[in-house]
Amino acid sequence: MTAPTVFALTFASAVLPTPSVSVPPTSLPPEKFPISITEPRIASSPLSSTVSVRPEVEIQPEFSSEVAPLVSAPRSGGQLYLQRLSALKIGKLYTRLPSDSFREIWQNSSVQPTYEQWRKLLALEAKAVSRRNGDRQLSILLGDSLSLWFPGDRLPQSQIWLNQGISGDTTWNILARLPDIANTRPDQIYVMAGVNDLKMGASDAEIIWNMQRILKQLRAMHPRTKVIVESILPTRTPRIPSDRIIHINQQLQELARQEGATYLDLFAQFADHDGQILSEYTTDGIHLTAQGYATWQTVFQDSDTRVAAAPVLAN
């Protein structure tokens, strides 16, 4: 690694002070990404922000205010945002640091970043990764809050992980964000999307059509990258019937085959005999507990060989 460039970040003093931060050592030395960036300024109080979910449809983004991560890890979107911003300030990704890194900065925070602030932060992380040196593999998690809250220390540490999940994101939003990862040179991209589309009233055909566009654009941007389509997880909400999720997942499996991607079935590992998510895996019927993420981690590990062996169908 070359010596990192000092990050040019100006933090709002009322929200993100600049004390000396001590980062505990990790088993693998975290990569430093030499890039000069400008901080996405964060509001000191909650701000409303609308997210374009479908053409001519606007909703308030769903930000999970409470999740079930590991002890001493951020528990709110604002806390996670500050942790990631603090890591970026010293030229590192939060996924390569201990889960309680920068605790003195985020632990008492109650701020709520807007959707646009989240998107800018993720774009900055992607930009930093695009300047990386070395040959360590890069994997990207692309999706909504389920991907956003995947604990970094449950991701295989043999590679770099770039988390590009945003709470409330739909397939429309993900399509709009794809240019942000155009220069990242990933080895693998894991895509999970659709549950928020279902909550907003999208049709099955609309979800599949957008997923096809996502896969085609990813292939065009990254022809040598292995793309893994993850199934939509089961839920425990009457707003999203299990039979619809099953039907869409069947179409996603066929779509992945047609587009030269790999399909990863998570549904079967999370569903009970009624097709609903197992109660011990969820906090609210959609979002996951620590046990839920542990199961997801197991599926990742079990699928490594199959994904590695999958051919890459270049254009």
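- Here CG of Leu162 is found 9.0 Å from CZ of Arg132. Values are rounded to the nearest 0.5 Å.
- Within the structure, salt bridge (charged side-chain N to carboxylate O under 4.0 Å, His left out) pairs that include any residue of residues 268-281 comprise Arg236-Asp272 (at least two apart or interchain).
- Considering only residues two or more places apart in sequence or on other chains, Gln107 meets the side-chain hydrogen bond (donor to acceptor under 3.5 Å, both in side chains) condition with Arg103.
- Between Trp172 and Glu206, the closest heavy-atom pair is NE1-OE2, 2.6 Å.
- At distances below 3.5 Å, not a single donor-acceptor pair connects side-chain atoms of Ser109 with backbone N or O atoms of Trp106.
- Residue Trp296 forms a side chain to side chain donor-acceptor pair (under 3.5 Å) with just one option from Gln291, Gln301, Glu230, and that option is Glu230.
- Between the CD1 atom in Ile286 and the CG atom in Leu146 there is a gap of 8.0 Å [rounded to 0.5 Å].
- Taking the side chain as every heavy atom from C-beta outward, Arg177 and Ile166 approach each other to under 4.5 Å.
- A distance of 12.5 Å separates CZ in Arg213 from CG in Leu218, rounded to the nearest 0.5 Å.
- Taking both residues in full, the closest heavy atoms of Leu122 and Asn163 are given as CG-O, 3.8 Å, listed atom of the first, atom of the second, then distance.
- In this structure, Ile240 CD1 and Thr235 OG1 are separated by 4.5 Å, a value rounded to the nearest 0.5 Å.
- When the options Lys92, Arg84, Lys120 are evaluated for a salt bridge (charged side-chain N to carboxylate O under 4.0 Å, His left out) with Glu125, the one that passes is Arg84.
- Formation of a donor-acceptor pair under 3.5 Å by the Trp161 side chain with backbone atoms of Ile140 is not found in this model.
- If you take NZ on Lys216 and CD on Gln258, they are separated by 8.5 Å, rounding to the nearest 0.5 Å.
- Separation of atoms NE2 (His273) and CG (Leu278) is listed at 10.0 Å; rounding is to 0.5 Å.
- In this structure, the side chain of Ser76 engages the main chain of Gln79 through a donor-acceptor pair within 3.5 Å.
- Side-chain N or O atoms of Gln297 include one that pairs as donor or acceptor with a backbone N or O of Arg154 at under 3.5 Å.
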Problem - Derivation of the side chain to side chain contact (heavy atoms under 4.5 Å, CB included) call for Asp265 and Asn249 - result: CA-CA 8 Å; Asp265 182 13; Asn249 282 340; 5.6 Å; no

Practice task
Start with the C-alpha distance between Leu141 and Leu155, add both sets of side-chain angles, then the distance that settles side chain to side chain contact (heavy atoms under 4.5 Å, CB included), and finish with yes or no.
Solution key: CA-CA 10 Å; Leu141 294 180; Leu155 295 167; 4.1 Å; yes

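- Within the 4.5 Å cutoff, the side chain of Pro234 has no heavy atoms near those of the Gln276 side chain.
- For the pair Ser101 and Gln83, the tightest heavy-atom approach, listed with the atom from each and the gap, is O-NE2, 3.2 Å.
- Of the possible polar contacts, none joining the Gln250 side chain to the Ile245 backbone as a donor-acceptor pair under 3.5 Å is found.
- At least one side-chain heavy atom of Leu97 sits under 4.5 Å from a side-chain heavy atom of Phe102.
- The shortest non-hydrogen separation linking Gln137 to Gln159 is O-CB, 3.2 Å.
- Residues Asp204 and Arg244 form a side-chain contact, since some pair of their non-hydrogen atoms from C-beta on lies under 4.5 Å apart.
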Problem - Criterion side chain to side chain contact (heavy atoms under 4.5 Å, CB included) on Phe270 and Thr282, from CA distance to verdict - result: CA-CA 10 Å; Phe270 281 78; Thr282 183; over 6 Å; no

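- Pro74 and Ser99 make their closest contact through CD-O, 3.5 Å (heavy atoms, listed as atom of the first residue, atom of the second, distance).
- In this structure, the side chain of Ser231 engages the main chain of Phe267 through a donor-acceptor pair within 3.5 Å.
- Residues Glu259 and Arg219 are not paired through a salt bridge, judged by the lack of any N-O separation under 4.0 Å between the basic side chain and the carboxylate.
- Between the side chain of Gln157 and the backbone N or O of Gly152 there is at least one donor-acceptor pair closer than 3.5 Å.
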Practice task
Could you check Phe300 against Tyr190 for ring pair (Phe, Tyr, Trp, His ring centres under 6.0 Å), going step by step and ending with a plain yes or no?
Solution key: CA-CA 10 Å; Phe300 267 160; Tyr190 290 82; 4.7 Å; yes

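- For Thr298 (side chain) and Ala294 (main-chain N/O), a donor-acceptor pair under 3.5 Å exists by modelled atom type.
- No side-chain donor-acceptor contact under 3.5 Å links Asn196 and Thr170.
- At a threshold of 4.5 Å between non-hydrogen side-chain atoms, the residues Thr295 and Leu288 do not count as touching.
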Practice task
For the pair Tyr81 and Val111, evaluate side chain to side chain contact (heavy atoms under 4.5 Å, CB included) and give the outcome as yes or no after the intermediate values.
Solution key: CA-CA 9 Å; Tyr81 180 95; Val111 302; 6.0 Å; no

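- Judged by distance alone, the side chain of Asn210 and the main-chain N or O of Ile207 form no donor-acceptor pair under 3.5 Å.
- Of the options Leu264, Leu215, Ile214, Leu255, a side-chain contact (heavy atoms from CB on, under 4.5 Å) to Val229 is made by Leu215 and by none of the others.
- Under the 3.5 Å distance criterion, the side-chain polar atoms of Ser242 are matched with a main-chain donor or acceptor of Gly275.
- Contact annotation: the side chain of Ile181 approaches that of Thr184 to within less than 4.5 Å [non-hydrogen atoms, C-beta and beyond].
- Annotation: salt bridge (charged side-chain N to carboxylate O under 4.0 Å, His left out) contacts involving residues 179-196, sequence neighbours excluded, comprise Arg119-Asp180.
- Closest approach of Ala193 to Asp144, counting heavy atoms only: CA-OD2, 4.5 Å.
- Inter-residue side-chain proximity for Trp149 and Tyr293 is flagged as met; some heavy-atom pair is nearer than 4.5 Å.
- Using a 4.5 Å cut-off on side-chain heavy atoms (C-beta onward), Ile105 and Leu85 make no contact.
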